[in-house]
2 protein chains.
Amino acid sequence: MTTLKDIAKHANVSACTISRYLNSNIVVKKETEAKIQLAIKELGYVTNVVAKSLKHMETFNVAVIVPKINNLYYSEMTSGISQILGKHHYNLYIYEVDNLNLSEDEVLQLMRENMIAGIIFIGLFSDVSFKETIRNVVEWNIPVVYANRYMDYNGFPLLYPDLVKASKLGVEHLFLKDKRRIAFVHKNLPDHLLSYFLEGYSQASKDENKPMIMEIEEGMDLSKDCIPKLLQNNIDGVFVLNEMLAVNLTKALVQADIRILEDIAVLSLGNSLISEISTPELTSIDLQNRELGIRSAEIILSQIRKEAFEPITVLEPFIVERRSA
Amino acid sequence: MTTLKDIAKHANVSACTISRYLNSNIVVKKETEAKIQLAIKELGYVTNVVAKSLKHMETFNVAVIVPKINNLYYSEMTSGISQILGKHHYNLYIYEVDNLNLSEDEVLQLMRENMIAGIIFIGLFSDVSFKETIRNVVEWNIPVVYANRYMDYNGFPLLYPDLVKASKLGVEHLFLKDKRRIAFVHKNLPDHLLSYFLEGYSQASKDENKPMIMEIEEGMDLSKDCIPKLLQNNIDGVFVLNEMLAVNLTKALVQADIRILEDIAVLSLGNSLISEISTPELTSIDLQNRELGIRSAEIILSQIRKEAFEPITVLEPFIVERRSA
DNA sequence: TTGTAAGCGTTATCAA
DNA sequence: TTGATAACGCTTACAA
């Protein structure tokens, strides 16, 4: 491995002159420049970022903490992050929490040990302990961003899609399609998030009728346990708050000889490849996952550079109309 | 930030004693141990991995170079890699080449600058230049693994699924379903890879008839340009060498009122979530992407530790029967 | 059992 | 315009 000292010797200049030249802090004589360039080429010098990091006591590494990466929702966000970090010459660490069997505290220990420049949290964590953990990070003065869903603001920047707007958009669309009896179908959605959808419904609905709420529990059979209930309640529009669930419900409805859209419209919250693949193709609310990643990365960079940044970023969802609603 | 020196002072021991104690290179007096433990707790010491790396001239960072991460094929492999690296306390860098607008040479420069412990290449790169690049890495003595498809062996470990076996399995399955006129449908598949599928076909077929080969070009309309040709040739079994293409072709066939399986069976090469979502669900050849990632990580770790490793790993594909074939 | 001192590759300070 | 020196935090001969 060729070091600064090596090329210094080879070029008959001091190491610090070369260092300053390479970091363009000084102007050197044409002659010196030539000697340095030659030595670098001849010896094949590559700077050592680890030494730089130690010297400056900061790295160019940003970590993304994510439940799992083999999931289009998370990987789309991560790709957005990667795009921005790459443009600014930062490296991207990935820590898959579900996969690694690491506790949150262990992950954070890792972050400190590695002098991580900033941390982007994606996805939901075990609520109570998580808030404590993230507050610890802030205490250590590591820049942090949390991107996913609304949560009580705790002194770190938050990014999330406007779920009330998402709900309003979706419900208005269903109304437009002459669907009047709406059901929200979800899985494990905590109450405080569900309330945003109800709020969106109220905003979209002129009169005072209420939507049906249906929670799918683990191991439930959609055909046997859910569809009959939808029919009993004369539901003609389903707003499924989870894209994969929307796909599966659509399949079950088709299998039960219910016409999608004509009999029951299905609207998906979340718009990835799988909405396009589903038959019929799903009309979906796009929550802008890639944009969420991009903005998260921009905010973490602002923090790292001690520039101003938005404490809260709310993204506007939009609807993509296909066949199912 | 608390350093070794700080706790040394606080505990009235020398820094090197603590260092050796923490790395369990020596046994210390009970009393010393207690003092050290206390100091660490009171001052909240966290070791500095960057300094360690500089000292040892090696990092615990492995880089995955991948075209894009928001793709189930790549993210599944990456997740496998992440799992193994995490277990062995290595960190995972992701570099998305398609996304970053970085040339291969620039990426490799980055690897050297950051003292990357090892590099895992996933996916296809611009062939000619890529082989040159990867050979450079080997020259620099950075452990490298290439996981994707067969290529001329060039002195670095290779991992890929057995495509001949995949083809044989698939064709045998189609024969079993009484499909006799088989077409291979593909997109951008280079000839040397296509030949494996033909070889697999030969192995599965007793007589000497040949399959039809259909290449889908950019911008082609499956309904207008492909399906008529399949029908003209009395094709009753299609082996699609790209999962997404299999999904789209299935859609087009359904739209043309052709019964999947009964009229034309569709078999997909590649088995991710999207095969399950497709209607009808696709019978697929699973190429073991996660396992490919896992084995890649294991091999890179062996290399890093200067242990023995397999130069070539060929994974056995298997078939997952669903509805379409 | 513990401590001293040098050094990993880089850069900031100060001096020339 | 350049150079000597010390320092970032940690480890490792070598010495005690």
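The basis for the numbers below is simple: all heavy atoms, side chains too, and nothing from hydrogens, waters or symmetry mates. Reminder, nothing fancy here: chain letters follow the sequence lines and each chain counts from 1.
B/Asn23 places its CG atom 9 Å from the C1' atom of D/dC10, with the value rounded to the nearest Å. The NZ atom of A/Lys35 sits 13 Å away from the C1' atom of D/dG3 (whole-angstrom rounding). One atom, CD1 of B/Ile18, and another, C1' of C/dT4, lie 15 Å apart when rounded to the nearest Å. Following rounding to the nearest Å, B/Lys9 (NZ) and C/dG3 (P) show an atom-to-atom distance of 14 Å. Here the P atom of nucleotide D/dG9 and the CG atom of B/Leu43 are 14 Å apart, to the nearest Å.
Of the candidates D/dT12, C/dT2, C/dC8, the closest approach to any side-chain atom of B/Leu54 belongs to C/dC8. Considering only side-chain atoms of B/Cys16, the nucleotide from D/dA13, D/dT1, D/dC10 that sits closest is D/dA13. Picking from D/dT11, C/dT2, C/dT10 the nucleotide with the shortest atom distance to the side chain of A/Thr3 gives C/dT10. Minimum atom distance to the side chain of B/Ser19 is reached by D/dT11, of the listed D/dG9, C/dT10, D/dT11. With D/dT11, C/dT4, C/dG9 as the candidates, the nucleotide lying closest to the side chain of B/Leu4 is D/dT11. When distances run from any side-chain atom of A/Thr32 to the nucleotides C/dG3, D/dT12, D/dT1, the shortest one goes to D/dT1. In this structure, the nucleotide among C/dG3, C/dC14, C/dG9 sitting nearest to the side chain of A/Arg20 is C/dC14. For B/Thr47, the side-chain atoms get nearest to D/dC10 when compared with the rest of D/dC10, D/dA7, D/dT1. Counting only heavy atoms from C-beta on, B/Asn48 has its side chain closest to D/dC10 among C/dT10, D/dT12, D/dC10.
Distances shorter than 4.0 Å separate none of the side-chain N or O atoms of B/Lys55 from OP1 or OP2 on C/dG7. Close to C/dT2, at under 4.0 Å from its OP1 or OP2, lies no side-chain N or O of B/Ser14. The shortest distance between the side-chain N/O atoms of A/Tyr21 and the OP1/OP2 oxygens of D/dG3 is not below 4.0 Å.
Nearer to the 5' terminus of DNA chain C, by closest-nucleotide assignment, is the contact made by B/Lys29 (compared with the other of B/Lys29 and B/His56).
Side-chain contact annotation: B/Arg295 with B/Gln288, donor-acceptor N/O pair under 3.5 Å absent. A donor-acceptor contact closer than 3.5 angstrom links the side chains of B/Asn99 and A/Ser79. Side chain to side chain, B/Asn148 and B/Tyr74 fail the donor-acceptor criterion of an N or O pair below 3.5 Å. Residues A/Glu106 and A/Tyr95 bring no donor and acceptor atom of their side chains to less than 3.5 Å of each other.
A/Val13 comes within 4.0 angstrom of the backbone, heavy atoms only, and of no base.
Distance CD1/A/Ile300 to CD/A/Gln303: 5.0 Å, rounded to 0.5 Å.
Side-chain atoms of A/Lys5 stay outside donor-acceptor range of the base of C/dG9, with no qualifying N/O pair under 3.5 Å.
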